[in-house]
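Being a predicted model, the structure only gives us computed values, none of them experimental. Values reported hereafter were calculated over all heavy atoms of this structure, with side chains retained and with hydrogens, waters and symmetry mates removed. Counting begins at 1 with the first residue of the sequence.
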Amino acid sequence: MVLTNKGSHYFYTNDGIKLHYLDKGEGEAIVMLPGWSQSVEQYHNQMDFFSQHYRAIALDMRGHGHSEIAKYGYKVYRLAKDLDELLVHLSLDNVVLLGHGLGSAVILCYWDLFGAHKVNKLVLVERVAAMVSNPEWSAQQIADYGPLVDPDSAMEIYNTVYGCQGNNYKAMLLNHEISDKMPVKEKQWLIENSYNFPGKYAAELIYNHFHQDWRDVISRISVPTLIVGGRGSPTSVSSQEWIHEQIKGSKLVIFEEEEGGKHFMFIEGADKFNRLVDEFMKAH
């Protein structure tokens, strides 16, 4: 993957952290947030495509990518505040927010805190309503809410990421989320890129991410929303269907495995993903 600093910019948050973002193109703004331990470069296909038609922006969350590795603030609500400050910094209104994994959790938190004031549409990629299962939930609730770990596993993952095996866990997780068809060079870049987020802070953030419950937030979304999942992803299709049912007028698209339908379908199925989002942005 060829990475450049073209379009790179920085701003400071109200708690003094220097954050990096990409900003290319003109027109309607689409603001993209990457997943846990990833950076804006995961959206290289989207930046190239969308900047031809729109103003394409991607934010490196604190500690990620080229943003400052802060000693604090690794909580979803702080990341949502950082997103709000970026929109204010750029004087943006009526934006399309696109998030992948953790990035979509930040968007849900942003919605909960700030509502639709600056938001025109949402794109939620590989989001579930609750990451950690409740032992009291029925099989149907598990299918609907899409938890990926149980309470004991959440703590075990925190300790692993925090400790000396953190990078091994990241590599194992990404290997589970990527198909065998992804080019080796790109796969290796994703894995090595995830190592740049220090284990202590990565652990703090994933623990906080695990323990959010978005069910009541999802049901209150009132702007057009595109939900994207992958048939071969660890994120269950049933959980994507449940979110679709909660958001009135939303659109659900599931990428089949032969279309790159795992956790990174915007990389493995970039052409279809870009066309899909482009059509969604143009729709009234």
Side-chain angles (χ1 to χ4, degrees), residues 6-36 38-43 46-47 49-68 70 72-125 127 205 208-209 212 214 217-218 220-228 247 250 266 277-278 280-283:
K6 185 177 180 181
S8 285
H9 303 274
Y10 294 86
F11 78 103
Y12 283 90
T13 64
N14 69 345
D15 61 344
I17 305 305
K18 186 179 181 181
L19 299 186
H20 169 257
Y21 63 96
L22 299 178
D23 187 354
K24 296 173 61 178
E26 298 178 353
E28 182 180 6
I30 177 169
V31 179
M32 296 174 279
L33 299 177
W36 175 73
Q38 288 300 324
S39 68
V40 294
E41 281 88 358
Q42 75 166 42
Y43 289 128
Q46 286 66 52
M47 289 297 301
F49 179 85
F50 293 132
S51 62
Q52 299 176 45
H53 312 281
Y54 308 102
R55 185 176 179 183
I57 299 164
L59 174 64
D60 271 331
M61 294 177 286
R62 60 178 62 206
H64 294 71
H66 298 290
S67 286
E68 181 180 346
Y72 48 83
Y74 296 106
K75 297 177 175 62
V76 176
Y77 66 78
R78 178 64 243 192
L79 302 184
K81 174 61 175 166
D82 292 345
L83 170 60
D84 178 64
E85 292 186 16
L86 173 68
L87 300 185
V88 172
H89 172 73
L90 296 175
S91 301
L92 292 175
D93 289 300
N94 298 315
V95 301
V96 177
L97 296 179
L98 183 156
H100 171 233
L102 169 65
S104 58
V106 173
I107 289 172
L108 291 177
C109 189
Y110 176 90
W111 179 269
D112 196 26
L113 292 172
F114 303 103
H117 178 58
K118 297 179 181 296
V119 179
N120 187 30
K121 295 180 179 180
L122 302 178
V123 182
L124 305 177
V125 182
R127 180 70 258 144
L205 181 54
N208 184 262
H209 179 209
Q212 307 298 318
W214 305 113
V217 178
I218 290 167
R220 291 185 285 113
I221 291 174
S222 57
V223 296
T225 301
L226 172 63
I227 301 152
V228 184
I247 304 176
S250 62
F266 52 90
V277 175
D278 183 40
F280 175 69
M281 292 182 68
K282 290 176 178 175

Side chains of Cys109 and Trp214: closer than 4.5 Å at any heavy-atom pair?
yes
Can a donor-acceptor pair be found, under 3.5 Å and without considering hydrogens, that links the side chain of Lys121 to the backbone of Met281?
yes
Reported CZ-to-OG1 distance for the pair Arg62 and Thr13, which is rounded to 0.5 angstrom:
5.0 Å
Is any side-chain heavy atom of Leu108 less than 4.5 Å from a side-chain heavy atom of Leu124?
yes
Could you tell me which non-hydrogen atom of Gly7 sits nearest to which non-hydrogen atom of Lys24, and how far apart they are?
CA-CG, 4.2 Å
Heavy-atom pair with the smallest gap, counting every atom of Trp36 and Leu205:
CD1-CD2, 4.0 Å
Looking at Arg78 and Asp15, is there a salt bridge between them, counting it only when a charged N and a carboxylate O are closer than 4.0 Å?
yes
List in chain and number order the residues that pass side chain to side chain donor-acceptor pair (under 3.5 Å) with Asp60, two or more places apart in sequence or in another chain; answer none if no residue qualifies.
His20
Take atom OH of Tyr12 as the centre, draw a 6.0 Å sphere, and report whether it contains more than 12 heavy atoms from other residues, nucleotides or ligands.
no
Are any non-hydrogen side-chain atoms of Asn120 and Glu28 less than 4.5 angstrom apart?
yes
Can you check whether Tyr110 reaches Leu122 side chain to side chain, under 4.5 Å on heavy atoms?
no
Determine all donor-acceptor pairs shorter than 3.5 Å in which one atom belongs to a side chain in residues 91-104; sequence neighbours excluded.
{"from": "His100", "atom 1": "ND1", "to": "Gln42", "atom 2": "NE2", "distance (Å)": "3.4"}
{"from": "His100", "atom 1": "NE2", "to": "His263", "atom 2": "O", "distance (Å)": "2.9"}
{"from": "His100", "atom 1": "NE2", "to": "His263", "atom 2": "NE2", "distance (Å)": "3.2"}
{"from": "Ser104", "atom 1": "OG", "to": "Gly101", "atom 2": "O", "distance (Å)": "2.6"}

Is a side-chain N or O of His89 found less than 3.5 angstrom from the main chain of Leu87, in a donor-acceptor match?
no
So for atom CZ, which belongs to Phe114, do other residues, nucleotides or ligands contribute more than 12 heavy atoms lying within a distance under 6.0 Å?
yes
Could you go step by step and tell me if Met32 and Val123 meet the side chain to side chain contact (heavy atoms under 4.5 Å, CB included) rule?
CA-CA 9 Å; Met32 296 174 279; Val123 182; over 6 Å; no
Quick check: do Tyr43 and Leu22 have side-chain heavy atoms less than 4.5 Å from each other?
no
Distance from Trp111 atom CH2 to Ile221 atom CD1, nearest 0.5 Å?
6.5 Å
Give the C-alpha distance, both sets of side-chain angles, the deciding distance and a yes or no for side chain to side chain contact (heavy atoms under 4.5 Å, CB included) between Val277 and Phe266.
CA-CA 10 Å; Val277 175; Phe266 52 90; over 6 Å; no
Please name the pair of heavy atoms, one in Ala80 and one in Leu113, separated by the smallest distance, quoted to 0.1 Å.
CB-CD1, 4.2 Å
Would you indicate whether the side-chain heavy atoms of Lys81 and Asn14 approach each other to under 4.5 Å?
yes
Please test Tyr74 against Asn208 for side chain to side chain contact (heavy atoms under 4.5 Å, CB included), starting from the C-alpha separation and ending with a verdict.
CA-CA 8 Å; Tyr74 296 106; Asn208 184 262; over 6 Å; no
Check whether more than 12 heavy atoms from other residues, nucleotides or ligands sit under 6.0 Å from atom CD of Gln52, and answer yes or no.
yes
